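Presented below is the structure to which this report refers.
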Amino acid sequence: MYKEYKQLNLSQTGKDILEFWQQNNIFEKSISSRPADNPYTFYEGPPSANGMPGIHHVMARAIKDIFCRYKTLKGYQVKRKGGWDTHGLPIELAVEKSLGITKDDIGKKISIEDYNDACRKEVMRYTDVWNDLTEKMGYWVDLNDPYITYKNEYIESLWWILSQLYKKGWLYKGYTVQPYSPKSGTGLSSHELNQPGTYKMVKDTTIVAQFFLKNDQQHPLMSTLCKSADEETAILAWTTTPWTLPSNCALAVGEKIDYVKIKTFNPYTFQPVSVVLAKVLVGKYFKAEGENASFDDYKGGDKVIPWTVDAEFKGSDLLGLRYHQLMPYVTTAELEEKAFRVIPADFVTTEDGTGIVHTASVFGADDFRACKENDVPSVMVLDETGKEVPLVNKQGRFVEEVTDFAGRYVKEEYYSKEERDEDGFKPTDVLISIKLKTDNKAFDVKKYEHSYPHSWRTDEPILYYPLDSWFIKTTAVKDKLIELNKTINWKPEATGTGRFGNWLENLVDWNLSRSRYWGTPLPIWREENGTEEKCIGSIEELNKEIDAAAEAGFMPKDFRLADMHRPYVDDVVLVSSNGNKMFREPDLIDVWFDSGAMPYAQWHFPFENKDKFIDAYPADFIAEGVDQTRGWFFTLHAIAVMLSEASDEVKEVNSLVGNPGVAFKSVVSNGLVLDKDGAKMSKRLGNAVEPFETIEKYGADAARWYMISNASPWDNLKFNIEGLDEVRRKFFGTLYNTYSFFSLYANIDKFDYSEADIAIADRPEIDQWIISLLNTLSKEVDAFYADFEPTKAARAIQDFVDAHLSNWYVRLSRRRFWRSDSNTDKLSAYQTLYTCLVTISKLMSPIAPFFAERLYTDLNYATKKENFESVHLADFPTYHADLVNEALEERMQMAQDISSLVLSLRKKVGINVRQPLSKILLPILDKNFEKQVEQVKELILSETNIKDIEYITDAAGFIKKKVKPNFKALGAKVGKDMKAVAAAITAMDQSALAQFEQDGQYTVEIENAKYDILLSDVDIIAEDVEGWQVANLGKLTVALDVTLTNELKQEGTSRELINRVQNLRKSSGFEVTDRINVKLGNAEHISEAVNNNLTYICAEILADTILFDSGLTEGEKTEIDGIEIVIAITKI
RNA sequence: GGAAGUAUAGCUCAAUUGGUGAGAGCAGCACCCUUAUACGGUGUCGGUUAAAGGUUCAAGUCCUUUUAUUUCCA
């Protein structure tokens, strides 16, 4: 027996199936039942379990799940090791919030040890919720043995990778310019800088300084800028941080910006000077009344300073100009050679200042980058250990080399209130301005109010300051990264070539350092003077070093590190070759390194599981959000490519598995899930869709199908909850009804597919047709899945189920199931419909795993046709090319179109479908057409309730034809004469057209040209039949005979009666097999019609007798042909 | 500010890759149908294909600029 249901309940189905899977270990079997030597590798990008999952996680995980399930059906063994991302800032922040502490309290109010313990607990806070969602949404991933990034084994693998890079010389110490708080002595993360209240309005002293050009240089623009030997020309540059001026090393201009040279006088020294600034900013510094005023009449101190524009040029013309160092406290031969010149930068604007930016490479992130790109060295001094340091020390004071200001804080706010209140106290910026004014180097000094970031801890302004960092030299393998990226199959392609490709093209070294507490420690130990350092690559190596250190008395004997995190790892002191102590570099590494290293670390490679690693490297497929492009996708790729060069172990595996050095072969980067109006979902706005609620209400299948069928994974999805209901009604509802229909009659007829298959060729046309379509569908869906196009797969399945299977095949085949006797036609119908349903269950199972399972097991349980316990253990449907009959598909399409046209005509003339009509006319343009229609004639006739089809040829003379140019064919032939030719073709009259058809050729003459048009260059359709009701669709034309004979009328009346009785049967709750007796009251006007069609009526309504009883009052009152009648039916 | 993506009916998406009346579903309206089907059928309403310019015989599709929006990076 096939299971029958009262109604469709996807939510309940999900729960039932989940239980079935769990009890029977279906997931485990889906792996163990596939051969281990045919692996398909998937990497799970680890979620961080410290936040609640959202509906977008359902989306992302559905995509992963779909392809893993698909590949399983295709016979691959798909292991899916789960994982958890456990380090990083979000976790630290969550802990700080729940403990009510700040970073400053770490090591004070709370020990690093307790803090890290809290992090460890925090990390897994929501794992239960996550696991619950994973199960309920039907995401199959191995949760029993996940990799967890904080485990010692995982970290050991990370250390090993770092040591491989270190050995290759690709791990080095440098610096980056970061927000820095001198008072607390720490760097600030961008997150900390984004805290509310960090940016405040402050009034700073700003200076427009004069950078005098070197007169003796060779430069194309010099003849313009310094027209005589004694002309002093200066570039004007503005700064809000005068304390950075001693560190100036370049001036940046915008290449496309217009600049001018202006002759004028310095407003403080009154000396004549020529200055360069952006053209649009002239008005800001020069009064209009001074333009072209007399230079000779000017006296120092005059309110109006005369000026005149002397030259104009582009920023690009200025590049390379050399100038005298503004405040020459520190210089070197290298600086003299490469610094103090004009460079281009894209961040230069003409909003403020002079359109020329003073650049101090060590005190600005943009400055740093621009200088690096243009090979401008920084102004640095050597400290007592011989290390290069900037002119401002870590306390925020000038170093002694800056003689005039040595020891002074660069920011006024760093002085105490008492110091600032002392008589004669002047901020350093002011002192610098005074000095520059005196030296004829300042053009304008002003107070300027602007927004500047402050440390949220000390409330004092931050500095942008160069801080030590460890880098991975990714630029060393840049070319290989780019090259191998081309071998990766990106979905969508644009993400790979565009976003990712550009990122690789502009690659910089990977800044690995993080100043945190909860993360993977950097395994580098250094002597205090920095001369010797060690990079530890394994616990074994560490232990050896510890033993050596113990010998030296630095460590307790037999010390072993139980937890590789801080603070424990910081207790490890090693010994250098000359007997000095070595301390660990205090940095942690970027968490992205954790996740990017998962291919190796998840197996604790190379320390364990080498065989498992070989089987699972590289990944055949990964999928995450597009926001991971520069995150996980990059770190996976970068680490893999670097190891392919740096590690012998990885090289060996690569050559074994034929991997050029990638971590993944295909990647799907999915878009975002937005709310129904396209806004970001957020808890704050209250527009977030709660995944558990959604699954509970609609079922995971509806949610998955909706998300997948609605938009391609990489397009953003506007999530509209109403769409789920539509999916349920339209797709699942239809499929469910089809199954219900099947099970209802199959149970009545005890169909259990025990009979031998009827050869497809022996089945009726319509069965062959749906089998043909089904095969085409299988092939398409297979290709779509293989090409990572789940949306196309879902739409194809949906279209088949709705348009073809339910609304055509079943509807037209219903009578075959109803008949009470058994024959091969009926058996064929059962076998065909069964095949369709079972195949659909397999095709849809990757996307809607629960419903597909129910459908499959319900079918297969009754027939035991296949030996699989679950649809997910079955094989993907095989495509049988020999069962695909394109001609058949084509003529069935014709039948559908013709039927549609006939129904449309009926509607137009107001004759409903129950009223039979005698015939339709089909104009035929070729013999083949008639042959095709003949084969589907019966379907059309029964569908439209027409008695016959009559074919007419144009020989009869009343078909009006129309000729339409085929532009695609003509394009190549006539090119730009298209308009004229098309007009000539359209203008053909009926006789010319007839001639054209006969000759197969038609000559079009237009101005200056003559073209031979062939029949293949046009489409000819029969547009109209004189004197008939006609409808067209494409090339099809149908004419309807609307003549009603008495006989037809009576038949129509009979059908009306059948309809009324059937309605009554249904509303009375009779079984479809119950036989009845019928009594009719007040029905004399239809008695003739009924008597003439008695056998037919009785057969339709399963009646043994129909009696006319004029006195009948008990029964259903209804109306036929405008007169009320009474019907009473009784079960026999 | 930079890079990338998206923009087609009220909503969600198509449009054979440059071939000419821009389609479908949902929603609305009208009528009809149903011994599986709160399903379906027929019709109707709805479009300056974000805007402007260009290339071409021909542009939703290619190019340029602009606008909106999203993501990533500053």
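Sequence lines set the chain letters: A, B, ... in the order given, protein chains first and strands last, and positions in each chain run from 1. Keep in mind that what you see is a predicted model, and the values were worked out from it rather than measured.
- Nucleotides B/A15 and B/A3 place their C1' atoms 30 Å apart, quoted to the nearest Å.
- A residue-by-residue look at A/W818 and A/K792 shows that A/K792 has its nearest nucleotide of RNA chain B further toward the 5' end.
- Regarding contacts with the backbone of B/C33, a side-chain N or O of A/N912 is found under 4.0 angstrom from either OP1 or OP2.
- In this structure, A/S709 reaches neither bases nor backbone, as no heavy-atom distance under 4.0 Å exists between it and the strands shown.
- Using atom P as the reference point in both B/C45 and B/G5, the two lie 39 Å apart (nearest Å).
- A donor-acceptor pair under 3.5 Å is absent between the side-chain atoms of A/D858 and the main chain of A/K3, judged by distance alone.
- The partner of B/A14 cannot be assigned: no Watson-Crick or G-U wobble pair with both contacts below 3.5 Å exists in any strand.
- Syn is the glycosidic conformation of B/U17, whose angle stays within 90° of 0.
- Between A/F851 and A/L10 the shortest heavy-atom distance is CD1-CD2, 3.6 Å.
- Using cut-offs of 30° and 60° on the angle between ring planes, the pair A/F634 and A/W503 is perpendicular.
- Contacts with RNA chain B (heavy atom under 4.0 Å) in residues 795-804 of chain A: A/R795, listed by number.
- A salt bridge does not link A/K1010 with A/E1005: none of the charged nitrogens is closer than 4.0 Å to a carboxylate oxygen.
- In terms of phosphate contacts, A/R811 brings no side-chain nitrogen or oxygen within less than 4.0 Å of OP1 or OP2 of B/C39.
- The CG atom of A/L717 sits 16 Å away from the P atom of B/C11 (whole-angstrom rounding).
- When all heavy atoms of A/Q178 and A/S469 are compared, the pair lying nearest together is NE2-OG, 3.6 Å.
- The distance between atom CG of A/L837 and atom C1' of B/U37, rounded to the nearest whole Å, is 14 Å.
- Atom name P, nucleotides B/A59 and B/G53: the rounded distance is 14 Å, in whole Å.
- For A/L805 and B/U37, the CG to C1' distance is 12 Å, given to the nearest whole Å.
- Look at A/S904 and you'll find a side-chain N or O under 4.0 angstrom from OP1 or OP2 of B/G43.
- For the P atoms, the distance linking B/C39 with B/A50 amounts to 33 Å, nearest Å.
- Residue A/F741 contributes atom CZ, which lies 6 Å from atom P of B/A36 at whole-angstrom precision.
- Checking the phosphate oxygens (OP1, OP2) of B/A36, no side-chain nitrogen or oxygen of A/Y736 falls inside 4.0 Å.
- Nucleotide B/C62 is matched to B/G54 when pairs are restricted to Watson-Crick or G-U wobble geometry with both distances under 3.5 angstrom.
- Between the C1' atoms of B/G47 and B/G10, the separation comes to 12 Å (whole Å).
- If you measure from atom CG of A/N506 to atom P of B/G1, you get 19 Å, rounded to the nearest angstrom.
- Here A/N1059 lies in heavy-atom contact (under 4.0 Å) with sugar-phosphate atoms only.
- In this structure, the CZ atom of A/F500 is 23 Å from the P atom of B/G2, given to the nearest Å.
- Between the CZ atom of A/F634 and the C1' atom of B/C73 there is a distance of 13 Å, rounded to whole Å.
- A donor N or O paired with an acceptor N or O is found under 3.5 Å between the base of B/U71 and the side-chain atoms of A/R499.
- Residue-environment remark: CD (A/E886) stays at or below the threshold of 12 foreign heavy atoms within 6.0 Å.
- Using a 4.0 Å heavy-atom cutoff across all strands shown, A/A980 reaches no nucleic acid atom at all.
- Heavy atoms of A/R814 sit under 4.0 angstrom from at least one base atom.
- The existence of a salt bridge linking A/E943 and A/R811 is confirmed by a sub-4.0 Å separation between a basic side-chain nitrogen and an acidic carboxylate oxygen.
- Nucleotides B/U8 and B/U61 have their C1' atoms positioned 12 Å apart, rounded to a whole Å.
- Ring geometry, A/F742 versus A/Y830: the interplanar angle exceeds 60°, so the pair is classed perpendicular (tilted spans 30 to 60°).
- Between A/Q7 and A/K962, the one whose closest nucleotide on RNA chain B sits nearer the 5' end is A/K962.
- To the nearest whole angstrom, the two C1' atoms, one in B/G25 and one in B/U70, are 26 Å apart.
- Aromatic pair A/F368/A/Y464: ring centres not closer than 6.0 Å.
- Between A/Y706 and A/F719, the ring planes are perpendicular. Angles over 60° get that label, and only those under 30° would be called parallel.
- Aromatic ring centres of A/F633 and A/W490: separated by under 6.0 Å.
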For nucleotides 25-28 of chain B, tabulate all protein N/O to nucleotide N/O atom pairs closer than 3.5 Å, reporting atom names and distance.
residue: B/G25; atom: O2'; partner: A/E726; partner atom: OE2; Å: 3.4

- Just by protein heavy atoms under 4.0 Å, how would nucleotides 54-62 of chain B read 5' to 3' in B, S and -? ---B-----

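- Side-chain atoms of A/S806 come within donor-acceptor range of the base of B/A36, with a qualifying N/O pair under 3.5 Å.
- Summarising the geometry, the separation between CZ on A/R1065 and C1' on B/U35 is reported as 6 Å, rounded to the nearest angstrom.
- Proximity of A/S900 to the phosphate of B/U42: a side-chain N or O atom is located under 4.0 Å from OP1 or OP2.
- A salt bridge links A/K1131 and A/D1074; the closest N-O separation between the charged side-chain nitrogens and carboxylate oxygens is under 4.0 Å.
- The gap from the P atom of B/A9 to that of B/G23 amounts to 14 Å, rounded to the nearest Å.
- In summary, A/E789 and A/K491 engage in a salt bridge, as defined by a charged side-chain N under 4.0 Å from a carboxylate O.
- Under the Watson-Crick or G-U wobble criterion, with both distances below 3.5 Å, B/G40 is paired with B/C32.
- A/V981 comes within 4.0 angstrom of nothing in the nucleic acid, heavy atoms only.
- When Watson-Crick and G-U wobble pairs are counted only if both distances are under 3.5 Å, B/U69 pairs with B/G5.
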